[in-house]
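Below is one structure, written out as structure tokens; comments come after it.
By convention here, the first residue in the shown sequence is residue 1.
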Amino acid sequence: MNALAATNRNFKLASRLLGLDSKLEKSLLIPFREIKVECTIPKDDGTLASFIGFRVQHDNARGPMKGGIRYHPEVEPDEVNALAQLMTWKTAVAKIPYGGAKGGIGCDPSELSISELERLTRVFTQKIHDLIGIHTDVPAPDMGTGPQTMAWILDEYSKFHGHSPAVVTGKPIDLGGSLGRDAATGRGVLFATEALLNEHGKSISGQRFVIQ
């Protein structure tokens with residue numbers, strides 16, 4: 001079962017438990033917008049390389065859509081769709097006024113130079129700049145991306161729309177980023193693990209862990 005099939009299955013189960021109307025259930029499964037763009041860049045050796053970029057904007061009923069951009073060889077539409085949908089549910093459960101989105105480029109960042117990654121990020125931003133924004137869809141770092149990637153997106157987006165530091169999260173501190181952002185995901189894992197162990201009368205101290 002791929003990521004989208006698993007996510008849809010889990011949502012349908014939750015929908016039945018909540019007693020949602022079948023029409024509402026169907027509408028919540030269908031993303032607001034799916035974007036697929038071709039990104040061709042010159043490599044450092046002068047050859048051309050093409051990559052496919054995706055952005056799935058799942059739902060904006062509760063506010064601007066929000067979600068990461070990942071660079072990985074296995075990025076494909078179903079995975080991005082599933083992750084966008086999960087972002088919708090996560091922001092809703094946490095009562096954060098955002099909707100869900102997700103994006104990515106099918107590439108291996110370890111095989112690209114810094115200058116190639118910059119060109120790829122800027123071309124991708126050029127292709128989607130009119131579909132993202134502080135009131136529309138706010139990208140963030142994910143697997144294979146980080147503060148530098150967000151800085152490139154911010155800079156390229158600003159060429160079209162003026163200086164807009166809020167268009168991305170996870171950017172460098174000197175560009176308006178938040179302190180603690182780099183460690184936030186790991187800290188969340190720590191808090192969740194503490195809560196789980198607490199339910200079983202245990203603490204983190206003295207435990208052994210495997211991280212996959």
Side-chain angles (χ1 to χ4, degrees), residues 3-4 6-7 10-11 14 54-75 79-105 107-110 114 117-118 121 124-125 132-155 157 164-212:
L4 182 57
T7 301
N10 292 339
F11 173 74
F54 304 95
R55 187 71 178 171
V56 174
Q57 298 170 330
H58 179 259
D59 190 271
N60 62 356
R62 304 183 69 256
M65 292 166 283
K66 181 84 183 72
I69 293 178
R70 59 176 49 184
Y71 288 2
H72 192 273
E74 295 179 10
V75 166
E79 179 195 48
V80 178
N81 210 316
L83 293 168
Q85 185 184 147
L86 289 170
M87 282 299 299
T88 296
W89 314 140
K90 285 193 286 186
T91 55
V93 167
K95 293 183 170 56
I96 298 171
Y98 284 106
K102 207 75 175 186
I105 300 177
C107 69
D108 187 344
S110 68
I114 295 296
L117 284 169
E118 179 177 357
T121 301
F124 182 53
T125 306
I132 62 174
I134 61 175
H135 300 298
T136 308
D137 179 7
V138 181
D142 199 275
M143 184 187 302
T145 61
Q148 179 61 76
T149 319
M150 298 303 106
W152 291 328
I153 293 175
L154 166 56
D155 185 61
Y157 179 87
S164 307
V167 74
V168 291
T169 58
K171 52 193 169 285
I173 300 300
D174 56 3
L175 290 179
S178 299
L179 293 171
R181 172 63 180 80
D182 284 348
T185 303
R187 186 173 291 113
V189 172
L190 172 63
F191 291 159
T193 303
E194 285 180 330
L196 175 64
L197 289 171
N198 186 57
E199 288 183 2
H200 296 276
K202 298 179 181 179
S203 67
I204 281 184
S205 177
Q207 302 295 330
R208 298 177 65 195
F209 299 91
V210 174
I211 300 176
Q212 179 175 343

Quiz item: Rounded to the nearest 0.5 Å, how far does CG of Asn81 lie from OG1 of Thr7?
Solution: 9.0 Å
Quiz item: Shortest non-hydrogen contact from Pro147 to Asp182?
Solution: CG-OD1, 3.8 Å
Practice problem: Enter the distance from Thr88:OG1 to Phe11:CZ here, rounded to the nearest 0.5 Å. | Solution: 9.5 Å
Quiz item: Can you name the closest pair of heavy atoms from Cys107 and Pro109 and give their distance?
Solution: O-CD, 3.4 Å
Quiz prompt | Partner residues of Leu190 under the side-chain contact (heavy atoms from CB on, under 4.5 Å) criterion, sequence neighbours left out | solution = Glu194, Ile204
Quiz item: Roughly how far apart are His135 NE2 and Asn60 CG, rounded to 0.5 Å?
Solution: 13.5 Å
Quiz item: Roughly how far, to the nearest 0.5 Å, is the CZ atom of Arg62 from the NZ atom of Lys95?
Solution: 8.5 Å
Self-check item: side-chain hydrogen bond (donor to acceptor under 3.5 Å, both in side chains) partner of Lys66, chosen from Thr91, Asp137, Thr169
Solution: Thr169
Quiz item: Is it true that Lys102 and Glu79 make a salt bridge, defined as a side-chain N closer than 4.0 Å to a carboxylate O?
Solution: no
Self-check item: Ser178 versus Lys171, side-chain donor and acceptor atoms under 3.5 Å
Solution: no
Practice problem: Could you walk me through whether Gln148 and Ile114 pass side chain to side chain contact (heavy atoms under 4.5 Å, CB included), step by step? | Solution: CA-CA 10 Å; Gln148 179 61 76; Ile114 295 296; 5.7 Å; no
Exercise. Determine, stepwise, if the pair Gln207 / Lys202 fulfils side chain to side chain contact (heavy atoms under 4.5 Å, CB included).
Key: CA-CA 9 Å; Gln207 302 295 330; Lys202 298 179 181 179; 4.1 Å; yes
Self-check item: Minimal non-hydrogen separation, Pro73 against Asp108, with atom names
Solution: CG-CB, 3.8 Å
Quiz prompt | Heavy-atom check, side chain of Thr121 versus side chain of Ile153, under 4.5 Å | solution = yes
Quiz item: Between His72 (side chain) and Glu74 (backbone), is there a donor-acceptor pair under 3.5 Å?
Solution: yes
Quiz item: Is any side-chain heavy atom of Val75 closer than 4.5 Å to a side-chain heavy atom of Val80?
Solution: yes
Practice problem: Please name the pair of heavy atoms, one in Gly146 and one in Pro141, separated by the smallest distance, quoted to 0.1 Å. | Solution: CA-CB, 3.9 Å
Quiz prompt | Non-hydrogen atoms of Ala84 and Val56 that approach each other most closely | solution = CB-O, 3.5 Å
Exercise. Hey, could you give me the NE2/CH2 distance between His58 and Trp89, rounded to the nearest 0.5 Å?
Key: 5.0 Å
Exercise. Please report the C-alpha distance between Trp152 and Thr125 in whole Å, then the side-chain angles of each, then the deciding distance to 0.1 Å, and finally whether the side chain to side chain contact (heavy atoms under 4.5 Å, CB included) criterion is met.
Key: CA-CA 9 Å; Trp152 291 328; Thr125 306; over 6 Å; no
Quiz item: Just wondering, do Ile132 and Pro139 contact through their side chains at under 4.5 Å, heavy atoms?
Solution: yes
Exercise. Please answer whether the main-chain N or O of Ala101 pairs with a side-chain N or O of Arg55 as donor and acceptor at a distance below 3.5 Å.
Key: no
Quiz item: Could you give the distance from OG (Ser205) to CG (Leu197), rounded to the nearest 0.5 Å?
Solution: 11.0 Å
Practice problem: Output, in order, the C-alpha distance, side-chain angles, deciding distance and verdict of side chain to side chain contact (heavy atoms under 4.5 Å, CB included) for Ile69 and Phe124. | Solution: CA-CA 11 Å; Ile69 293 178; Phe124 182 53; 3.9 Å; yes
Quiz prompt | Short side-chain donor-acceptor distance under 3.5 Å, Thr149 and Tyr71 | solution = no
Quiz item: Are any of the side-chain heavy atoms of Phe209 and Thr193 separated by less than 4.5 Å?
Solution: yes
